[in-house]
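Since the model is a prediction, treat every value here as computed from it, not as a measurement. Naming: A, B, ... by sequence-line order, numbering from 1 per chain.
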Amino acid sequence: MLLLALDTATPAVTVALHDGTDVIASSGQVDARRHGELLLPAVDRVLAEAGLRLDAVTGIVVGIGPGPYTGLRVGLMTADTFGLALGVPVHGVCTLDGLAYAADVEGPFVVATDARRKEVYWARYDDRRTRVTDPAVDRPADIAEQVAGVPAVGAGALLYPDTFPAAYAPEHVSAAALAALAAERLAAGEELPAPRPLYLRRPDAQVPKNYKVVTPK
Amino acid sequence: MADEPLVLGIETSCDETGVGIVRGTTLLADAVASSVDEHARFGGVVPEVASRAHLEAMVPTIERALKDAGVTAKDLDGIAVTAGPGLAGALLVGVSAAKAYAYALGKPLYGVNHLASHICVDQLEHGALPEPTMALLVSGGHSSLLLSTDITTDVRPLGATIDDAAGEAFDKIARVLNLGFPGGPVIDRYAKEGDPNAIAFPRGLTGPRDPAYDFSFSGLKTAVARWIEAKRAAGEEVPVRDVSASFQEAVVDVLTRKAVRACRDEGVDHLMIGGGVAANSRLRALAQERCEAAGIRLRVPRPKLCTDNGAMVAALGAEMVARNRPASSWDLSADSSLPVTDPHVPGHDHVHEVSKENLYS
Ligand SMILES: [Zn+2]
């Protein structure tokens, strides 16, 4: 097994290769505005570091968000197209699950990432592998009761200390964690989600008001 | 001819997901998935809706193009993609797909200019472009007069709209007339049954001191809207056919007049018209008439090649390969305001050399 994992659902552009047992190469850069430019060179670097070519890959793992849409689509489109060109399966993994898997906390906790517009993407976990709520997008103040009393992981937690007083690393997801989680689930015979985006919000689109007259009154 | 470059082109600058395949100047496939119906109720293209649709449509559209062309991906000589101008988020979906596809197949990547592609597509219809070529590009996003001596390196803007694009004016007038979105085809249809001389609407920027090759459609739009409102205010019925015909005549009169003048001034004996508005039947007819009178040969591709599509991107990509232009780098970005003077986005060498070791083909 050789998995190429990538995620662009948070400000991090992250890529990793996993051989089914271990991560053999990885790259992480944080630049929320340049996902499109950074991702392919990062894939190229990771492959070069491992001394492998893309056609050695047996599966693609991609973070499906939730995350800001423009960046999120870079990873998903890249994964989809790799899958098409290589004829290998493309597996989705919830980006919040990747963060949870890398968390160093005991007991139940919350993962929260920055959803911009003063909101967070978030979900609750019983442990590193077990998500107990669907990913959601909310204003931190509106979910204060639901997340009270448990530690929180991710940049969304660090941004809103009033709601998440006990915030822990990691800040952003790593493809290494995503790949390790996917490898574990695939080995256990589990089905991973389809590589389709979790937007959680409808597109911003205003139906124009009725036609405005131009003749001055 | 088997030794001509086989290129796949990807276009996502607006609401069409286009994937085309050409061999040199021969069209092999032109697959398009449009999200236009999803935008109709908003009266215009909603960027986020377009971007989401591109992501869903891309892989099936690539598969359809390969099937239509009867070629396999490994036979391709290159992958071309619209790098700009266009909607930033929409462009980025196409650029991401093209980069991943080119990288995975071990093929060179060519990020090309959307406007130059609109010109180059005519090679698929009428053979190699004459050099120089005068091009009138008219669509919902652009209205410009361009002169090109080599479509891969030299595109010179002579003039452009100073306010609305021609296609935008069609959309806005269609909205005032409650004819829905997009406005171009429906106005063309009503205009066929109307009198183009019924109402004398203004011709923007046609005075002796106005810039010779620039366009303005904002004043026309306001004049038409006022005329319609006056009718409505007086309780009279709006003659939709005559308004459509007279408005359309004002647009195409200015477009063709300025294009023919530019050909004369520059001593160019060919005129190419591209972009979605080039599908307008009255524009094609009047351009034909005026070009004939001026001894200019008119080249207008069939309507499906005038609107946004992947074949036009493939056509320009094939020209880049044929003329040995440098490929783009793996860090190619989508540039929503890529200048028309950049027909493509060549890479910086060092990135490409590093990458080559990982490529196989
Ligand atoms: Zn266009």
Partners meeting side chain to side chain contact (heavy atoms under 4.5 Å, CB included) with Glu190(A) (sequence neighbours left out):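 Checked Glu190(A) against side chain to side chain contact (heavy atoms under 4.5 Å, CB included); matches are Arg185(A), Ala188(A).
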
Contacts of residues 16-29 of chain A with chain B (heavy atom under 4.5 Å):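 So no residue qualifies.
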
Should we count [atom1] of [X] as having more than 12 external heavy atoms under 6.0 Å?
{"X": "Phe201(B)", "atom1": "CZ", "answer": "yes"}
{"X": "Glu191(A)", "atom1": "CD", "answer": "no"}
{"X": "Arg201(A)", "atom1": "CZ", "answer": "yes"}

Closest heavy-atom contact between [X] and [Y]?
{"X": "Pro203(A)", "Y": "Glu48(B)", "answer": "CB-CG, 3.6 Å"}
{"X": "Ala100(B)", "Y": "Thr81(A)", "answer": "CB-CB, 3.8 Å"}
{"X": "Glu37(A)", "Y": "Asp331(B)", "answer": "CG-O, 3.3 Å"}

Nearest 0.5 Å, please: how far is [atom2] in [Y] from [atom1] in [X]?
{"X": "Leu84(A)", "Y": "Leu66(B)", "atom1": "CG", "atom2": "CG", "result": "7.5 Å"}
{"X": "Tyr101(B)", "Y": "Met77(A)", "atom1": "OH", "atom2": "CE", "result": "11.0 Å"}
{"X": "Leu105(B)", "Y": "Leu86(A)", "atom1": "CG", "atom2": "CG", "result": "8.0 Å"}
{"X": "Ser96(B)", "Y": "Asp80(A)", "atom1": "OG", "atom2": "CG", "result": "11.0 Å"}
{"X": "Leu38(A)", "Y": "Trp330(B)", "atom1": "CG", "atom2": "CH2", "result": "15.5 Å"}

Trace of the side-chain contact (heavy atoms from CB on, under 4.5 Å) decision for Leu47(A) with Tyr103(B): CA-CA 12 Å; Leu47(A) 286 167; Tyr103(B) 185 84; 3.4 Å; yes

Chain B contact via Arg34(A) - side chain, backbone, both or neither, heavy atoms under 4.5 Å: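 Arg34(A) has no heavy atom closer than 4.5 Å to chain B.
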
Test salt bridge (charged side-chain N to carboxylate O under 4.0 Å, His left out) applied to Glu171(A) - qualifying residues, sequence neighbours left out: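 Partners of Glu171(A) by the salt bridge (charged side-chain N to carboxylate O under 4.0 Å, His left out) criterion come out as none, since no residue qualifies.
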
Under 4.5 Å from a heavy atom of chain A, the part of Val95(B) involved: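 For Val95(B), no heavy atom lies under 4.5 Å from chain A.
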
Proximity breakdown for Ile62(B) and chain A, heavy-atom pairs closer than 4.5 Å: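 Only the side chain of Ile62(B) comes within 4.5 Å of chain A.
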
Residues of residues 49-58 of chain B within contact distance of chain A, non-hydrogen under 4.5 Å: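 Expected list: Val49(B), Ser51(B), Arg52(B), Leu55(B), Glu56(B), Met58(B).
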
Heavy-atom pairs under 4.5 Å with chain A, option from Gly94(B), Pro47(B), Gly89(B), Ala97(B) with the top count: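 Most heavy-atom pairs within the cutoff with chain A belong to Ala97(B).
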
Lys99(B) side chain vs Gly36(A) backbone, donor-acceptor pair below 3.5 Å: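 Flag set: sc Lys99(B) to bb Gly36(A) pair under 3.5 Å.
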
